[in-house]
Amino acid sequence: MDILKDFGEPRIKQVMLPKDTNSAGNIFGGWIMSQIDLAGAQAAREISPERVVTISMKEIIFKQPVFVGDVLSCYAKIIAVGKTSITTQIEVTALRLNDGGFRETIHVTSATATYVSVTKDGHKKPIDEKIKELHGF
């Protein structure tokens with residue numbers, strides 16, 4: 001089974017470094033949450049190319065820790081579009097060596113984030129109907 005099949009497009013891929021650890025030596029959850037927000041915003045900008053701002057993020061549950069040396073990947077896809085809002089689904093994986101010395105992909109966490117299309121001055125901006133239609137919404 002390919003766990004990446006329905007995750008959407010890869011948006012961010014980074015090797016985890018010691019500078020991003022918490023006091024337990026794992027990658028800090030807040031840092032991972034910032035990457036989730038960036039990945040979701042990248043997807044949302046396909047529908048609202050000028051600018052988007054985050055308005056909500058649903059529950060994030062960390063299923064597995066992320067370690068120094070893991071390759072963290074954030075995948076995101078648009079799941080709903082309103083008049084000015086764009087909802088994205090973000091999935092996060094870690095690629096690491098297992099005990100057998102093979103690379104394996106582990107699903108770390110998921111989130112649903114909603115963004116609002118805004119002008120560069122920060123005012124809500126309706127999403128172009130042609131762009132919505134082009135993306136199947």
Side-chain angles (χ1 to χ4, degrees):
M1 177 177 94
D2 182 8
I3 68 168
L4 306 178
K5 181 176 75 115
D6 297 319
F7 278 12
E9 291 185 37
R11 306 291 176 165
I12 295 173
K13 189 174 205 174
Q14 290 185 284
V15 175
M16 297 296 91
L17 300 174
K19 68 180 182 67
D20 299 315
T21 58
N22 60 23
S23 60
N26 299 329
I27 301 303
F28 178 55
W31 186 88
I32 295 171
M33 289 190 296
S34 71
Q35 301 308 297
I36 289 169
D37 192 24
L38 290 168
Q42 283 183 44
R45 297 242 352 237
E46 291 176 4
I47 297 286
S48 177
E50 186 174 354
R51 187 171 173 217
V52 297
V53 294
T54 310
I55 61 163
S56 74
M57 191 159 307
K58 290 197 178 171
E59 182 177 63
I60 299 172
I61 297 173
F62 291 97
K63 301 172 187 175
Q64 296 289 329
V66 178
F67 305 115
V68 171
D70 286 355
V71 177
L72 187 85
S73 296
C74 297
Y75 300 83
K77 63 183 176 182
I78 298 166
I79 58 173
V81 179
K83 182 178 178 183
T84 61
S85 66
I86 304 138
T87 303
T88 63
Q89 179 65 35
I90 304 103
E91 304 293 342
V92 182
T93 65
L95 180 66
R96 68 174 60 127
L97 290 179
N98 64 19
D99 292 337
F102 297 98
R103 290 165 52 124
E104 67 179 335
T105 300
I106 296 144
H107 189 206
V108 176
T109 190
S110 304
T112 303
T114 302
Y115 303 86
V116 170
S117 171
V118 295
T119 64
K120 51 186 166 174
D121 297 329
H123 301 291
K124 285 185 180 182
K125 178 181 177 183
I127 298 165
D128 186 289
E129 292 298 325
K130 290 179 184 173
I131 293 176
K132 283 188 200 181
E133 187 177 315
L134 182 67
H135 287 271
F137 293 100

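All values reported here derive from a predicted model rather than from experimental measurement.
Gln89 and Ser110 get closest at one heavy-atom pair: NE2-CB, 3.8 Å. Nearest heavy atom pair, residue Thr114 against residue Ser85, reads CG2-CB, 4.1 Å. Here the closest heavy-atom approach between residue Val68 and residue Gly25 is recorded as CG2-O, 4.4 Å. For the residue pair Pro65 and Asp70, the shortest heavy atom distance occurs at O-OD2, 4.5 Å. Here the closest non-hydrogen pair linking Leu72 and Val92 is CD1-CG1, 3.4 Å. Between Ile127 and Ile86, the closest heavy-atom pair is CD1-CG1, 3.6 Å.
With hydrophobic clusters built from ILVMFWY side chains whose heavy atoms lie under 4.5 angstrom apart, Ile106 does not share a cluster with Leu95. Transitive grouping of hydrophobic side chains (ILVMFWY, heavy atoms separated by less than 4.5 Å) brings Phe62 and Val66 into a common cluster. Criterion: ILVMFWY side-chain heavy atoms under 4.5 Å apart, direct or through other members. Under it, Val15 and Phe67 are not part of a common hydrophobic cluster. One hydrophobic cluster, built from ILVMFWY side chains closer than 4.5 Å, cannot hold both Ile12 and Ile27; they sit in different ones. In the hydrophobic cluster analysis, where Ile, Leu, Val, Met, Phe, Trp and Tyr join through side-chain heavy atoms closer than 4.5 angstrom, Val108 is grouped together with Ile90.
The side-chain heavy atoms of Thr105 and Ser73, taken from C-beta on, include no pair separated by under 4.5 Å.
Although no hydrogens or angles enter the test, the distance criterion places no donor-acceptor pair under 3.5 Å between the side chain of Glu50 and the main chain of Ser117. Side-chain atoms of Lys125 do not come within 3.5 Å of backbone N or O of Val52 as any donor-acceptor pair. Using a distance-only test at 3.5 Å, with no hydrogens or angles considered, no donor-acceptor pair links the side chain of Arg11 to the main chain of Cys74. For the pair Thr88 (side chain) and Ala113 (backbone), a donor-acceptor distance under 3.5 Å is present. At least one donor-acceptor pair closer than 3.5 Å links the side chain of Thr109 to the backbone N or O of Ile61.
Under a cut-off of 6.0 angstrom, the local environment of CZ in Phe28 is sparse, with at most 12 non-hydrogen atoms contributed by other residues, nucleotides or ligands.
Salt bridge Glu133/Lys130: absent, no basic N to carboxylate O contact under 4.0 Å. The residues Glu91 and Lys63 are annotated as not salt-bridged, no charged nitrogen and carboxylate oxygen being separated by less than 4.0 angstrom.
Within the model, atoms CD1 of Ile60 and CE of Met33 stand 5.5 Å from one another, a figure rounded to the nearest 0.5 Å. Annotation: the span from Gln14 atom CD to Ile32 atom CD1 amounts to 11.0 Å, rounded to 0.5 Å. To the nearest 0.5 Å, atom CD of residue Glu46 and atom NZ of residue Lys77 are 13.0 Å apart. The distance from atom CD of Glu104 to atom CZ of Arg96, rounded to the nearest 0.5 Å, is 7.5 Å.
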Would you give me the side-chain donor-acceptor pairs under 3.5 Å for residues 34-44, sequence neighbours excluded?
{"from": "Ser34", "atom 1": "OG", "to": "Trp31", "atom 2": "O", "distance (Å)": "2.6"}
{"from": "Asp37", "atom 1": "OD1", "to": "Thr54", "atom 2": "OG1", "distance (Å)": "2.7"}
{"from": "Asp37", "atom 1": "OD1", "to": "Tyr115", "atom 2": "OH", "distance (Å)": "3.1"}
{"from": "Asp37", "atom 1": "OD2", "to": "Thr54", "atom 2": "OG1", "distance (Å)": "3.3"}

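Alongside Ile55, the hydrophobic cluster contains Val53, Val116, Val118 (criterion: ILVMFWY side chains under 4.5 Å).
With sequence neighbours excluded, no residue satisfies side-chain contact (heavy atoms from CB on, under 4.5 Å) with Ser23.
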